[in-house]
Protein chains: 2
Amino acid sequence: MVMSMNREMTIGQAAKSSAISAKMIRHYESIGLLPKAQRTESGYRLYDDNDVHTLRFIQRARSLGFPLETIRTLLALWRNRRRSSSHVKDLAERHIADLERKIAEMQSMVRSLKHLAHHCHGDDRPECPILDDLAG
Amino acid sequence: MVMSMNREMTIGQAAKSSAISAKMIRHYESIGLLPKAQRTESGYRLYDDNDVHTLRFIQRARSLGFPLETIRTLLALWRNRRRSSSHVKDLAERHIADLERKIAEMQSMVRSLKHLAHHCHGDDRPECPILDDLAG
DNA sequence: ATGGACCCTCCCATCATGGGAAGGTCAAGG
DNA sequence: CCTTGACCTTCCCATGATGGGAGGGTCCAT
């Protein structure tokens, strides 16, 4: 049933194919996010298309901001045919809530900063409402 | 411990007065953000109202999200009577731009995640558009 | 055989913060 | 006076995700 070619490649090529740096691929392996890679006799890591598929999964999850520990769970769910989609959705929704909390925090900072900056002349003189605010 | 009358206090009290942990106050001193504190004969750090004023300045700046290196500059400007407010305003505006960039990044993640979560049934079955997306 | 482009491991840095160990100091109450 | 507990000290380690770089081995094409 396996009809795909099993092209093997070194870590540099896997890195290019997945947009994850070789440094990070080694790191993910070291923390057990990835299984230990195959090695050549001389110790070079070898990756096949399946490995690259996993790497891309991780890359996409990282690009959505998922922390590595959550990605560890997502990978397990991905591989588990008896998973429930509610588990995955729950992880996504918690992550969304996390992001929205951080966004709100930063937006509040931006509002305050813009207010302060708006009142600052921004010229050669020392008077500055921004510093006045920080000084309390 | 010799405590003079002009409102000198230990690090724990300075921490309470400034809402910066004792741990962080020591750290700020170690990286030169704060000058070395006075010490009692037995080695306890001592802080006066002026020091607490500086600590509150730092606390307020941190609460607006300024990184410590920028706060180092802000402190110098605060103490410099020949500063130009444009310098301060510039720092604030760069910080605003930084925050807005990060906010936009996270909002983009949230948009994608909400879209995916919206299409996920979130039930007992394994089918999951979120994992399908991550898997590419 | 040589050079350059890979690969390996190991250590260190970032950024801001906290935890905790091991030990010294101080004030209050028995 | 001595104990107790709440402070204080320094030092090391951890977080999360990533990168830099040293020192050394491997592979391939010229």
Side-chain angles (χ1 to χ4, degrees), chain A residues 8-34 36-47 51 55 57-75 94-95 98-99 102 105-106 109, chain B residues 1-4 8-34 36-47 51 55 57-75 95 98-99 101-102 105-106 109:
Chain A
E8 285 196 319
M9 64 189 96
T10 59
I11 198 170
Q13 290 169 316
K16 273 178 202 157
S17 301
S18 64
I20 296 183
S21 73
K23 207 91 186 185
M24 279 302 98
I25 295 176
R26 290 189 198 101
H27 179 59
Y28 293 163
E29 179 181 324
S30 84
I31 63 173
L33 188 64
L34 293 171
K36 288 183 183 169
Q38 300 270 106
R39 300 278 187 139
T40 64
E41 283 186 15
S42 60
Y44 281 26
R45 287 175 182 81
L46 284 181
Y47 298 88
D51 296 325
L55 287 170
F57 182 101
I58 295 172
Q59 204 284 323
R60 174 75 178 134
R62 284 296 300 132
S63 80
L64 289 173
F66 282 108
L68 293 183
E69 281 316 302
T70 305
I71 294 175
R72 193 189 294 275
T73 306
L74 288 170
L75 280 169
R94 280 174 201 228
H95 181 42
D98 232 58
L99 287 168
K102 287 180 189 160
E105 221 176 277
M106 286 194 271
M109 290 173 180
Chain B
M1 159 162 20
V2 179
M3 294 266 237
S4 59
E8 283 195 319
M9 63 189 97
T10 58
I11 198 169
Q13 291 170 315
K16 274 175 202 159
S17 303
S18 64
I20 295 182
S21 72
K23 207 95 186 181
M24 279 301 100
I25 296 176
R26 291 190 197 100
H27 178 60
Y28 293 164
E29 177 182 324
S30 83
I31 63 170
L33 187 63
L34 293 170
K36 287 182 185 173
Q38 299 274 109
R39 300 280 185 137
T40 64
E41 284 184 15
S42 60
Y44 282 24
R45 286 176 182 78
L46 284 179
Y47 298 88
D51 295 326
L55 287 170
F57 182 101
I58 294 172
Q59 204 285 324
R60 174 75 178 133
R62 283 296 298 134
S63 80
L64 289 173
F66 281 108
L68 293 182
E69 281 316 300
T70 305
I71 294 176
R72 192 189 294 275
T73 306
L74 288 169
L75 280 169
H95 182 41
D98 233 55
L99 288 167
R101 191 181 41 72
K102 287 177 189 161
E105 221 174 280
M106 286 193 272
M109 290 173 180

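Please read all numbers here as calculations on a predicted model, not as lab measurements. All heavy atoms count here, side chains included; hydrogens, waters and symmetry mates do not. Note on naming: letters A, B, ... go to the chains in the order of the sequence lines (proteins, then strands), and numbering restarts at 1 for each one.
Residue Thr10(A) has no polar side-chain atom (N or O) positioned under 4.0 Å from OP1 or OP2 of dC6(C). Residue Arg39(B) places at least one side-chain N or O under 4.0 Å from the OP1 or OP2 atom of dT10(D). Remark: Arg62(B) is in phosphate contact with dT17(C), judged by side-chain N or O atoms under 4.0 Å from OP1 or OP2.
Few gaps surround CD on Glu8(A); more than 12 heavy atoms of other groups in view lie less than 6.0 Å from it.
Counting only distance, with no hydrogens or angles, the side chain of His95(B) and the backbone of Leu64(B) share a donor-acceptor pair below 3.5 Å. Proximity of a side-chain donor or acceptor of Arg62(A) to a complementary backbone N or O of Phe66(A) within less than 3.5 Å is detected. Of the possible polar contacts, none joining the His27(B) side chain to the Ala22(B) backbone as a donor-acceptor pair under 3.5 Å is found.
As rounded to whole Å, 10 Å separates atom P of dT14(C) from atom NE2 of His27(B). Per the geometry, CE belonging to Met9(B) stands 15 Å off P belonging to dC7(D), to the nearest Å. Distance Met24(B) CE to dT15(D) C1': 12 Å, rounded to the nearest Å. Between the CD1 atom of Ile58(A) and the C1' atom of dA17(D) there is a distance of 13 Å, rounded to whole Å. dC6(C) atom P lies 16 Å from atom OH of Tyr47(A), rounded to whole Å. The interatomic distance linking Lys36(B) (NZ) with dT10(D) (C1') rounds to 14 Å, in whole Å. Arg72(B) places its CZ atom 10 Å from the P atom of dA16(C), with the value rounded to the nearest Å. For the pair Ile25(A) CD1 and dA17(D) C1', the interatomic distance rounds to 15 Å; values are reported in whole Å.
When heavy atoms are screened at a 4.0 angstrom cut-off, Thr40(A) is found touching no nucleic acid atom at all. In this structure, Tyr28(A) reaches the sugar-phosphate backbone alone: every heavy-atom distance under 4.0 Å involves primed, P, OP1 or OP2 atoms, never a base. Arg45(B) comes within contact range of the sugar-phosphate backbone alone, with a heavy-atom separation under 4.0 Å but no base atom that close. In this structure, Arg26(B) reaches the bases: a heavy-atom distance under 4.0 Å links it to at least one base atom across the strands shown.
When each of Ile58(A), Asp51(A), Leu75(A) is tested with Leu34(A) by the rule side-chain contact (heavy atoms from CB on, under 4.5 Å), just one qualifies, namely Ile58(A).
Residue order along DNA chain D, read from the 5' end via each residue's closest nucleotide, puts Lys23(A) first among Glu41(A) and Lys23(A). Each of Leu68(B) and Gly43(A) lies near DNA chain C, and the nucleotide nearest Gly43(A) is the one positioned closer to the 5' end.
Counting only heavy atoms from C-beta on, Ile11(B) has its side chain closest to dT9(D) among dT17(C), dT9(D), dT9(C). The nucleotide whose nearest atom lies closest to any side-chain atom of Ser42(A) is, among dT26(D), dG18(C), dG19(D), dT26(D).
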Pairwise N/O distances under 3.5 Å, protein to nucleotides 3-6 of chain D:
none

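Under the 4.5 Å side-chain criterion, counting only non-hydrogen atoms from C-beta, Arg45(A) is not in contact with Gln38(A).
Taking CD of Glu105(B) as the reference point, atom CG of Leu99(A) lies at 10.5 Å (rounded to 0.5 Å).
Checked for salt-bridge contact, Glu69(A) and Arg72(A) meet the test: a charged N lies under 4.0 Å from a carboxylate O.
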